[in-house]
Amino acid sequence: MTFFDAGPVAATAGGKKSSTLHWLAHLGAFGVFSVSLVDATIIPLAIPGSTDLLLLWLISNGGSPYLLVGSGVAGSLIGGWTTWRLGKKGGEAALHRYVPKRQQQRVQGWSQKHPILVVFLPAILPPPIPLWPFLLAAGALGASWQRFLTAFGLGRLLRYSLVGWLAVTYGRHMVKLWAATLDKWSTPVLCIFLTLTAAGLAFSLWKLRRAKCAEDAGTSGEATTQNRSGATAA
């Protein structure tokens, strides 16, 4: 088994390998690493909890739970660190720029009162509990990277270990029941997933560019006002 191959793929009822399972299995640890990395950033995934679903599927089909869970935790730590770093660099202005207004007050208040707990709990709890706003707030409000990575890494380790245990204990029974059905819908499901992922990425990039343009416009407006004030005073 290689880093890109999670293991054997379960056979369908007719004795043929499911194309969906075959495609997912070849994502392997690299796929889990990549999805978990993006999941911990401000870029939205097409399907919430994609890392958990991918872990469940791959481990259920014979993938190494240690390799796959470890890859998920490693990807989450890197993605989470980039989000923390974005908050650290941008300060509270980053919260106002990226976090939706309806969440800003709650995220900032909880993060100030419980800076470590609000990183640990969202790392464990499943969707729709938001994750990245609290990672961003941790950096913006001054949490050290050592405490941040410890709390976030421990939370992700507990969550993905639980998913791995569920996959080893119960996953293979579900795969046998669903394999034939999912095989019929493999192409539509794959196309929808890729389309939604591309749309989410494009929207995030557009949102970042819009926020950057608004910031530049605000800075330019302040400079013009200062120049006019200076000219009037002169």
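Residues D52 and R159 have side chains in contact (heavy-atom distance under 4.5 Å, counting atoms from C-beta outward). Between F33 and L37, some side-chain heavy-atom pair lies under the 4.5 Å cut-off. Side-chain contact between L141 and Q112: present, with at least one pair of heavy atoms (C-beta onward) separated by less than 4.5 Å.
For the atom pair S71 OG and Y66 OH, the distance stands at 14.5 Å (nearest 0.5 Å). Going from atom CG of L166 over to atom OG of S60 covers 9.5 Å, rounded to the nearest 0.5 Å. Taking CG from L162 and CG from L55, the interatomic distance works out to 11.0 Å, rounded to the nearest 0.5 Å. In this structure, CZ in R97 is found 9.5 Å from CD1 in I42, a value given to the nearest 0.5 Å. Taking CG from L136 and CG from L131, the interatomic distance works out to 11.0 Å, rounded to the nearest 0.5 Å.
Side-chain heavy atoms closer than 4.5 Å link hydrophobic residues (I, L, V, M, F, W, Y) into clusters, and following such links, even through other members, never connects F120 to L157. Taken together through direct or relayed side-chain contacts under 4.5 Å among Ile, Leu, Val, Met, Phe, Trp and Tyr, W165 and L154 form parts of separate hydrophobic clusters.
When the shell of 6.0 Å around CD of Q105 is examined, it contains 12 or fewer heavy atoms from other residues, nucleotides or ligands.
For the pair S36 and G72, the tightest heavy-atom approach, listed with the atom from each and the gap, is OG-O, 3.1 Å. For the residue pair P122 and L117, the shortest heavy atom distance occurs at CD-O, 3.9 Å. Considering every non-hydrogen atom in both A137 and S111, the closest pair reads CB-OG, 3.3 Å. Among all heavy-atom pairs drawn from A29 and L67, the shortest one is CB-CG, 3.9 Å. Here the shortest heavy-atom pairing between V35 and S50 reads CG1-CB, 3.8 Å. The minimum heavy-atom distance linking A151 with I116 is given by the pair CB-CG2, 3.5 Å.
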For a side-chain contact (heavy atoms from CB on, under 4.5 Å) check, start with the C-alpha distance between V99 and W132, then their side-chain angles and the critical distance, and finish with the verdict. CA-CA 9 Å; V99 179; W132 69 263; 4.1 Å; yes
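Remark: the backbone N or O of G79 is paired with a side-chain donor or acceptor of T82 at under 3.5 angstrom. Put simply, the side chain of T83 gets close to the backbone of A40: a donor and an acceptor are under 3.5 Å apart.
Note: W110 and F134 have parallel aromatic rings, judged against thresholds of 30 and 60 degrees for the angle between ring planes.
Each of F148, W81, W84 was evaluated against L135; a single residue qualifies, F148, per the side chain to side chain contact (heavy atoms under 4.5 Å, CB included) test. If you run side chain to side chain contact (heavy atoms under 4.5 Å, CB included) between Y160 and each of V73, L68, I124, only V73 comes through.
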